[in-house]
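Just so it is clear: chains get the letters A, B, ... in the order the sequence lines come, proteins before strands, and each one is counted from 1.
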There are 2 protein chains.
Amino acid sequence: MSSLRARQKEDRRNRIVSSAKTLFKKKGYEKTTIESIAVAAGVSGVTVHNYYGTKAGVLLALVIESDKQLIARLNESLPRNESDIVSLAVAFAREVMDHAIANLEKDIWRQVIAAVTTEAGTRLSTAYSQLDDQLAHVLVRRIEAAQAAGALPDHLNPVHLGRALFQLQNARFIEFISSDAMTQDEIETRLRHDLVALFSVCASAPST
Amino acid sequence: MSSLRARQKEDRRNRIVSSAKTLFKKKGYEKTTIESIAVAAGVSGVTVHNYYGTKAGVLLALVIESDKQLIARLNESLPRNESDIVSLAVAFAREVMDHAIANLEKDIWRQVIAAVTTEAGTRLSTAYSQLDDQLAHVLVRRIEAAQAAGALPDHLNPVHLGRALFQLQNARFIEFISSDAMTQDEIETRLRHDLVALFSVCASAPST
DNA sequence: TAAAAACTTTTATGCAATAAAAATTTTTGC
DNA sequence: GCAAAAATTTTTATTGCATAAAAGTTTTTA
């Protein structure tokens, strides 16, 4: 049973986040004031602070929602029988970039990345990191499938490979949003180069 | 010939950055006001803004100086005949983390990472990115040496491998500073896992 | 339904960031 | 050398984020 109070709170949260999304897209991040978000949501400016701590907190809340959709979409669309790891990682990266651009301007994504680091340890930043883990896990599952199909050596740890690929993809994603001039194609090329080079090493490394 | 004006400017820059470093280390980033930096440096608060744009700009200027030393140190100390890429990357990562911790608190490094992304495209952020390129190049040179020594296949592109390793190391570095609880050892382990997994793939990838 | 509890709003303060006007100091040209 | 011009800093003022404390309001609970 949800009390009236709980429902009102939920309502305000929704109004704040959706007002913020509209304003961010319409006026950009910097030019959107907390006060204007508050007015659009029908609450006081201090209430926005009480709910989300900072303006970046509101942004993070909004991104977390859309990232949940991204995870669902990736689970759906990422090929389930891809045995070439380079293709897999590139397809993953492409979906992530498509999703990012469809939802917010690069300018705003930069604020997201900044907020995740400066507000490390807060509720919202932690939630964001957990979504990253889930994203990495989408890769892990595909790698497990490839391994089961015999496309990868048995001694390989799929969790480790999935996380490594995610880190690399994420680093390149940040590079993508860090410059307005950077294209998806250029990032794709760089990621390809990363992977081709790494896969060429073939060290007989001990599994420490 | 440097005019009096140019020398005075240089002087003020030095005073601002060194005052800032002292204050950041003593009181932390948030609790250091631009005004207090200005007072310590003997200029007005607005002058600090005129010189560095933002408080984060001052921080970036200070980090850039210390990163130059890091590059020099890495060029010196990183083993010149290391044929094992995992060991090379791990040694690199360790030096970077040692240097970071010796200079500033994690808390402040988080502000650095945030500033580099939000202020993407500014003079200081660009300078920081160029230093990253130089850091990656330290790796590239070691890889070239290893390749020349026959420890790596000829078709491998050392620039691509160096950049990929740097991206991975950098991602793990950010993970390191993002949590006060995260230890260097844990990061080292994760980086090792990344690399061992990646090097196990051994795809016969086309050099696209 | 009245007291208690939970929230939101009002009010106030500090600081970053920015802009424009005023004041100062160095340069330049004679 | 000195006066006008140019460059640069400081003063002054404003906006907005962030935070805290007090005041006011609404829901809960007994």
Side-chain angles (χ1 to χ4, degrees), chain A residues 1-16 19-20 23-24 27-62 107-108 110-112 114-115 118-119 121-125, chain B residues 1-16 19-20 23-24 27-62 107-108 110-112 114-115 118-119 121-125:
Chain A
M1 171 221 117
S2 68
S3 67
L4 171 57
R5 217 149 231 175
R7 269 175 289 134
Q8 285 176 326
K9 214 168 209 169
E10 188 58 27
D11 241 48
R12 280 190 213 102
R13 277 189 187 279
N14 289 335
R15 292 204 307 271
I16 291 169
S19 301
L23 286 166
F24 286 157
K27 314 198 62 168
Y29 181 78
E30 311 270 9
K31 288 195 174 173
T32 300
T33 67
I34 289 213
E35 191 57 33
S36 70
I37 296 172
V39 169
V43 295
S44 80
V46 174
T47 293
V48 175
H49 272 112
N50 286 340
Y51 277 40
Y52 294 104
T54 63
K55 186 162 85 163
V58 180
L59 175 57
L60 231 47
L62 170 173
D107 154 39
I108 297 184
R110 294 197 274 269
Q111 304 289 340
V112 173
T118 52
E119 313 205 4
T122 63
R123 184 178 63 83
L124 285 163
S125 176
Chain B
M1 172 219 114
S2 70
S3 66
L4 171 56
R5 218 149 229 176
R7 268 175 289 134
Q8 286 176 324
K9 214 167 210 169
E10 188 59 27
D11 242 47
R12 280 191 213 103
R13 277 187 187 281
N14 289 336
R15 293 205 306 271
I16 290 169
S19 301
L23 286 166
F24 287 157
K27 315 198 61 169
Y29 180 77
E30 312 269 10
K31 289 194 176 175
T32 299
T33 66
I34 290 214
E35 190 57 34
S36 69
I37 296 172
V39 169
V43 295
S44 80
V46 175
T47 294
V48 175
H49 272 112
N50 286 339
Y51 277 41
Y52 294 105
T54 63
K55 186 160 86 164
V58 180
L59 175 58
L60 231 47
L62 171 172
D107 155 39
I108 298 184
R110 293 197 273 269
Q111 303 290 340
V112 173
T118 52
E119 313 205 2
T122 63
R123 185 179 62 83
L124 285 162
S125 175

Do any N or O atoms from the side chain of B:Y52 and from the backbone of B:L59 form a donor-acceptor pair under 3.5 angstrom?
no
Judged by atom type as modelled, is there a donor-acceptor pair below 3.5 Å linking the side chain of B:S125 to the main-chain atoms of B:T122?
no
With nearest nucleotide decided by heavy atoms, which residue, A:V48 or B:A6, maps closer to the 5′ end of DNA chain C?
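Taking each residue's closest nucleotide, the earlier one in sequence belongs to A:V48.
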Check whether any side-chain heavy atom of [X] lies under 4.5 Å from a side-chain heavy atom of [Y], and answer yes or no.
X     : Y      : value
A:R15 : A:V43  : yes
B:K55 : B:Q111 : no
B:F24 : B:I37  : yes

Would you mind classifying the nucleic acid contact of B:Y51 as base, sugar-phosphate or nothing, using non-hydrogen atoms under 4.0 angstrom?
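Sugar-phosphate only.
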Round to the nearest Å and state the distance from [X] atom [atom1] to [N] atom [atom2].
X      : N      : atom1 : atom2 : answer
A:N50  : D:dA22 : CG    : P     : 16 Å
A:R12  : D:dT26 : CZ    : P     : 11 Å
A:Q111 : D:dG16 : CD    : C1'   : 14 Å

With sequence neighbours left out, the residues meeting salt bridge (Lys or Arg N to Asp or Glu O under 4.0 Å) with A:D107 are none
Starting at the 5' end of nucleotides 14-26 of chain C, put B wherever the base has a protein heavy atom under 4.0 Å, S where only the sugar-phosphate does, and a dash everywhere else.
-SSBBB-----BB
